[in-house]
Amino acid sequence: MTELMAETALLDSSGTATVRGACPHDCPDTCALLTTVENGRATRVQGNPAHRPTDGVLCTKVSRYAERTYHPERLLTPLKRNGPKGAGQFVPVSWDEALDDIAAKLTSIAKDHPEAVLPYSYAGTMGQVQGEAMAGRFFHRLGASLLDRTICASAGAEALTQTLGNKVGMKVEFFAESKLILIWGSNSIGSNLHFWRLAQEAKRHGAKLVCIDPRKSETADKCQVHLALRPGTDAALALALMHELIVHDWLDHDYIAQYTSGWDALRERALQWPPERAAQVCGLDVAQITDLARDWGNTKPAAIRLNYGMQRVRGGGNAVRAIACLPALTGAWRHRAGGVLLSSSGHFPVQRAALQRPDLLGARQPRTVNMSTIGDDLLRPSSAAFGPAIQALVVYNSNPVAVAPESGKVVQGFAREDLFTVVLEHFQTDTADYADYILPATTQLEHWDIHTSYGHTDVLLNRPAIAPVGQVRSNTDIFRALAARMGFDEPCFADDDLALCRTALGDQVDFAQLLDQGFASLPVPDAPFAQGGFPTASGRCEFFSARLAAQGQDGLPDHLPNYEVPAGGDRYPLAMISPPARNFLNSSFVNVTSLRAVEVEPLLEIHAQDAQVRGIANGEVVKVFNDRGEYHCKAQVSERARPGVVHGLGIWWRKFGLNGTNVNELTSQHLTDMGRAPVFYDCAVQVARLG
Ligand SMILES: Nc1nc2c(c(=O)[nH]1)N[C@H]1C(S)=C(S)[C@@H](COP(=O)(O)OP(=O)(O)OC[C@H]3O[C@@H](n4cnc5c(=O)[nH]c(N)nc54)[C@H](O)[C@@H]3O)O[C@H]1N2
Ligand SMILES: Nc1nc2c(c(=O)[nH]1)N[C@H]1C(S)=C(S)[C@@H](COP(=O)(O)OP(=O)(O)OC[C@H]3O[C@@H](n4cnc5c(=O)[nH]c(N)nc54)[C@H](O)[C@@H]3O)O[C@H]1N2
Ligand code: SF4
Ligand SMILES: [Mo]
């Protein structure tokens with residue numbers, strides 16, 4: 001490793017090195033990093049100016065990445081529990097002791113029921129290598145339960161796939177040339193900063209920016225128009241826009257005829273949604289809808305930046321389907337600055353089978369457990385339908401005790417005395433508190449990885465910039481060591497990280513260029529669907545999905561009301577959404593002192609009317625509650641909230657919460673219409689003064 005580092009790091013005459021890397025976080029921007037290393041220590045992490053999407057700029061969070069890596073609370077040795085489950089009491093042990101014991105326990109559980117072992121991981125790092133490469137091989141070889149990784153994006157992903165054929169869309173750089181941009185369900189300033197810079201550029205050239213979001217977010221503040229619709233009503237709005245496009249004939253008939261399918265059926269459906277009907281459902285004025293339709297029908301080029309915020313409700317998949325139809329109706333795809341972008345990840349030719357080796361399962365077909373219902377699933381006994389109860393859990397790249405819905409049940413599950421839990425982590429998170437063993441993992445400054453993106457179309461290589469601190473080991477290294485102890489002797493367990501980086505995209509990307517420059521662009525055309533060519537079976541944008549219809553579902557997009565639609569007289573009359581706080585990334589960075597200092601403490605934004613009728617003053621501590629639990633935080637009486645909707649900004653660690661909980665104490669384990677995803681923003685609550 002050191003040899004390659006020295007060979008390719010950019011050394012200056014004083015011995016200071018600059019190492020090229022990639023931001024590992026779950027963020028569409030996937031920035032290229034330049035880490036300055038002086039005397040073996042990373043002193044600065046900056047954006048790489050040579051990488052166009054990054055443009056030399058990082059968000060505040062990741063410009064603090066060195067602070068996170070050298071944080072005094074960083075886990076530096078393996079730890080073994082020596083107190084009650086969840087108490088967070090551990091003693092340091094050697095790697096040999098930890099790995100021997102873990103291998104013995106997993107072997108003994110897997111002897112009878114390999115499916116009683118469950119991996120639990122998400123996108124703490126988005127790296128293809130430190131993600132599911134060696135881990136996938138290990139769990140496939142073991143025959144462990146498979147994990148359905150649904151916690152974030154699977155409703156939208158499934159919807160895009162049904163409509164456009166894959167997770168594909170317009171190229172982000174061309175938003176700078178758009179004349180109308182709908183920023184739909186996205187607080188781009190906080191969560192998609194590099195897109196926001198392009199939107200600003202477009203605005204300077206005369207574009208109109210429209211934000212569609214129940215919350216008057218920091219992004220809404222800076223757009224010319226803000227539509228504060230009720231949570232979970234986006235499909236109704238999209239259908240009413242179609243209604244207006246039809247009755248005013250703002251359609252591109254030629255594009256529809258040549259490159260779409262299902263138009264007659266969609267037309268009929270949309271005509272059932274006059275703006276008056278949608279206005280009632282969405283809680284908007286009719287004119288807000290008709291004005292937006294006029295703009296969408298008459299501005300060229302026009303584009304939509306959709307983000308995942310709007311698909312975390314019952315009808316999230318249908319809503320994405322409805323919105324994804326809009327560019328085809330007006331032929332917006334004809335222009336490179338027109339269309340829609342939710343995710344670009346389907347453009348990347350990731351060699352998943354070669355990386356994760358599902359063939360190691362042989363003839364075995366383990367069950368699949370949905371990560372979004374981990375609360376219920378950890379509490380399920382063995383049964384014919386479920387199979388064996390979960391007896392061992394190996395968590396990496398995720399903090400489920402903080403981020404999974406209905407945390408009361410998640411905590412109860414993790415607290416099971418008979419559950420054996422291993423957590424690979426940088427920090428002692430809420431989840432790590434419940435571990436039997438915590439294994440200290442490397443950060444992005446300490447390991448190799450390769451990254452695709454869901455917001456642009458470049459591949460990035462991450463080189464280690466420093467030697468691992470303390471005794472930390474990479475995820476890959478830990479799974480290799482466990483594999484060796486468990487007698488898994490297939491040659492693939494000997495692959496090193498650089499070999500895995502090479503495998504990730506095979507010969508589809510020029511690896512020499514990655515080694516040399518740190519990034520490489522995929523050959524995606526500027527206007528990929530100007531002449532159809534969608535990656536659907538028909539090659540068309542599918543308004544009507546025969547596949548969905550064959551599954552007994554509605555083949556057309558429709559508005560599905562939220563599971564929890566609160567009304568005035570209800571016990572839980574307020575709708576709660578819980579979008580990310582700007583200075584955290586999900587639950588990462590919550591423990592970085594300088595960033596926590598900016599967010600200060602857990603907050604609930606509430607409209608003045610809703611506060612007043614409850615006698616709640618600004619800054620007062622309140623309890624937010626429903627049948628699932630109770631969460632205490634400070635009320636911020638704020639114009640960011642519309643009447644009837646409150647915002648519990650996420651995702652705090654429970655242990656920093658005023659009553660040891662966070663917003664997920666209130667969210668439910670219901671699932672979305674498509675993709676089996678959680679409905680974090682479909683949640684009814686009541687708020688009251690405390691005491
Ligand atoms: N700073 C920061 N950046 C992040 C993250 C983070 O936690 N912090 N998270 C990362 C992750 S994991 C993801 S998945 C991505 C995307 O993450 P997203 O969850 O898409 O994050 P946001 O961009 O905040 O978009 C959510 C927006 O949707 C709004 N919203 C909520 N309900 C509805 C609704 O029903 N309809 C509409 N139209 N809007 C709604 C919220 O008010 C919020 O402003 O961002 C990533 N980037
Ligand atoms: N209420 C509510 N809940 C939500 C959301 C919401 O908007 N509202 N958002 C949801 C969304 S979009 C998502 S994506 C999920 C996110 O949920 P998670 O994917 O669990 O994300 P994080 O909370 O950031 O936790 C990631 C953990 O991985 C660790 N990690 C990072 N890199 C590495 C590594 O290389 N090795 C190891 N071993 N560990 C590493 C970090 O230290 C961190 O603790 O949360 C979901 N939960
Ligand atoms: S979190 Fe996003 S914006 Fe921040 S450095 Fe990483 S990729 Fe860039
Ligand atoms: Mo996410």
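Nearest heavy atoms, H559 versus L239: N-CD1, 3.9 Å. Closest of all the heavy-atom pairs between L522 and D458 is N-OD1, 4.5 Å. The minimum heavy-atom distance linking C223 with C211 is given by the pair SG-CB, 3.8 Å. Across all non-hydrogen atoms, the minimal contact from A354 to T503 is CB-CG2, 3.6 Å. Residues A324 and C541 come closest through the heavy atom pair O-SG, 4.4 Å. Closest heavy-atom contact between H456 and P53: CD2-CB, 3.7 Å.
Side-chain polar atoms of T150 and S372 form a donor-acceptor pair below 3.5 angstrom. Side-chain atoms of D252 and T330 form no donor-acceptor pair, as typed in the model, at a separation below 3.5 Å. With no hydrogens or angles considered, no side-chain donor-acceptor pair links E158 and S154 at under 3.5 Å. Under 3.5 Å, the side chains of D26 and Y454 contain a donor-acceptor pair of N or O atoms. A donor and an acceptor atom, one from each side chain of D213 and N187, are nowhere located under 3.5 Å apart. Side-chain N/O atoms of N318 and D558 include no donor and acceptor closer than 3.5 Å.
Taking a 6.0 Å sphere around CD of Q272, one finds it holds more than 12 heavy atoms contributed by other residues, nucleotides or ligands. Residue-environment remark: NZ (K179) exceeds the threshold of 12 foreign heavy atoms within 6.0 Å. Enclosure of atom CD in E276 by more than 12 non-hydrogen atoms of other residues, nucleotides or ligands within 6.0 angstrom is indicated. Residue-environment remark: NZ (K203) exceeds the threshold of 12 foreign heavy atoms within 6.0 Å.
Between the R215 side chain and the I577 main chain, no donor and acceptor come within less than 3.5 Å of each other. Although no hydrogens or angles enter the test, the distance criterion places no donor-acceptor pair under 3.5 Å between the side chain of Q280 and the main chain of R277. Remark: the backbone N or O of G283 is paired with a side-chain donor or acceptor of R642 at under 3.5 angstrom. Side-chain atoms of N462 come within 3.5 Å of backbone atoms of Q444 as a donor-acceptor pair (strictly under, hydrogens ignored). The backbone N or O of T60 lies less than 3.5 Å from a partner atom in the side chain of S63, making a donor-acceptor pair. Remark: the backbone N or O of D682 is not paired with any side-chain donor or acceptor of H670 at under 3.5 angstrom. At distances below 3.5 Å, at least one donor-acceptor pair connects side-chain atoms of S217 with backbone N or O atoms of A220. A donor-acceptor distance shorter than 3.5 angstrom exists from the side chain of T536 to the backbone of G539, with no hydrogens or angles considered. A donor-acceptor contact shorter than 3.5 Å links the side chain of T54 to the backbone of A32. R269 places a side-chain N or O within 3.5 Å of a backbone atom of P557 that can act as its donor or acceptor partner.
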side-chain hydrogen bond (donor to acceptor under 3.5 Å, both in side chains) assessment of H253 paired with D249: CA-CA 9 Å; H253 293 283; D249 198 20; 2.6 Å; yes

Do R305 and L182 pass the side chain to side chain contact (heavy atoms under 4.5 Å, CB included) test, and can you show the C-alpha distance, the side-chain angles, and the key distance before you say yes or no? CA-CA 6 Å; R305 182 59 170 107; L182 314 190; over 6 Å; no

Is there a salt bridge (Lys or Arg N to Asp or Glu O under 4.0 Å) between E177 and R336? Walk through the geometry before answering. CA-CA 9 Å; E177 299 168 8; R336 69 180 188 177; 2.7 Å; yes

Trace of the salt bridge (Lys or Arg N to Asp or Glu O under 4.0 Å) decision for R314 with D673: CA-CA 6 Å; R314 176 183 170 224; D673 53 350; over 6 Å; no

Assess whether side chain to side chain contact (heavy atoms under 4.5 Å, CB included) is satisfied between T457 and K171, documenting all intermediate values. CA-CA 7 Å; T457 46; K171 291 177 86 172; 3.8 Å; yes

Quick one: do R463 and D449 satisfy side chain to side chain contact (heavy atoms under 4.5 Å, CB included)? Show the steps, please. CA-CA 7 Å; R463 289 169 178 283; D449 217 328; over 6 Å; no

L461 vs F511, side chain to side chain contact (heavy atoms under 4.5 Å, CB included): CA-CA, chis, key distance, verdict: CA-CA 9 Å; L461 183 70; F511 204 77; 4.0 Å; yes

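With ring centers used as reference points, F195 lies under 6.0 Å from F175. Between H25 and H451, the distance separating the two ring centers is not shorter than 6.0 angstrom.
Atoms SG and CE, from C152 and M371 in turn, are 9.5 Å apart once rounded to the nearest 0.5 Å. For the atom pair CD1 (I304) and CG (L341), the distance works out to 10.5 Å, reported to the nearest 0.5 Å. Expressed to the nearest 0.5 Å, how far SG of C23 lies from CG of N48 amounts to 13.0 Å. Rounding to the nearest 0.5 Å places CH2 of W184 at 4.0 Å from CD1 of I212. Here the CE-NE2 distance, from M170 to H335, works out to 9.5 Å after rounding to the nearest 0.5 Å. How far CD of Q224 is from CG of L180: 9.5 Å, rounded to the nearest 0.5 Å.
H248 and W250 have parallel rings, their planes meeting at less than 30° on a 0 to 90° scale where 60° marks the start of perpendicular.
Two residues are said to be in side-chain contact when any heavy atoms from C-beta on lie closer than 4.5 Å; I450 and V129 meet this criterion. Two residues are said to be in side-chain contact when any heavy atoms from C-beta on lie closer than 4.5 Å; L460 and H51 meet this criterion. For the pair P275 and H243, the minimum side-chain heavy-atom distance is below 4.5 Å. Within the 4.5 Å cutoff, no side-chain heavy atoms of P528 are placed close to those of F534. Side-chain contact between E218 and R640 is present, with at least one heavy-atom pair separated by less than 4.5 Å. Between L514 and V509 there is a side-chain heavy-atom pair separated by less than 4.5 Å. Q162 has its side chain within reach of R547: a pair of non-hydrogen atoms, C-beta onward, lies under 4.5 Å apart. Looking at heavy atoms from C-beta onward, L160 lies out of side-chain contact with V168 at the 4.5 angstrom threshold.
We find that E244 and R294 are not joined by a salt bridge, their nearest charged nitrogen and carboxylate oxygen being 4.0 Å or further apart.
F680 does not carry R312 over the face of its six-membered ring by the limits of under 6.0 Å from the centre and within 45° of the normal.
By the salt bridge (Lys or Arg N to Asp or Glu O under 4.0 Å) test, R44 pairs with no residue at all, sequence neighbours left out. For E132, the salt bridge (Lys or Arg N to Asp or Glu O under 4.0 Å) partners at least two apart in sequence or on another chain are R149.
Checking C59, S188, C31, P28 one by one against H194, the side chain to side chain contact (heavy atoms under 4.5 Å, CB included) holds for a single residue, C31.
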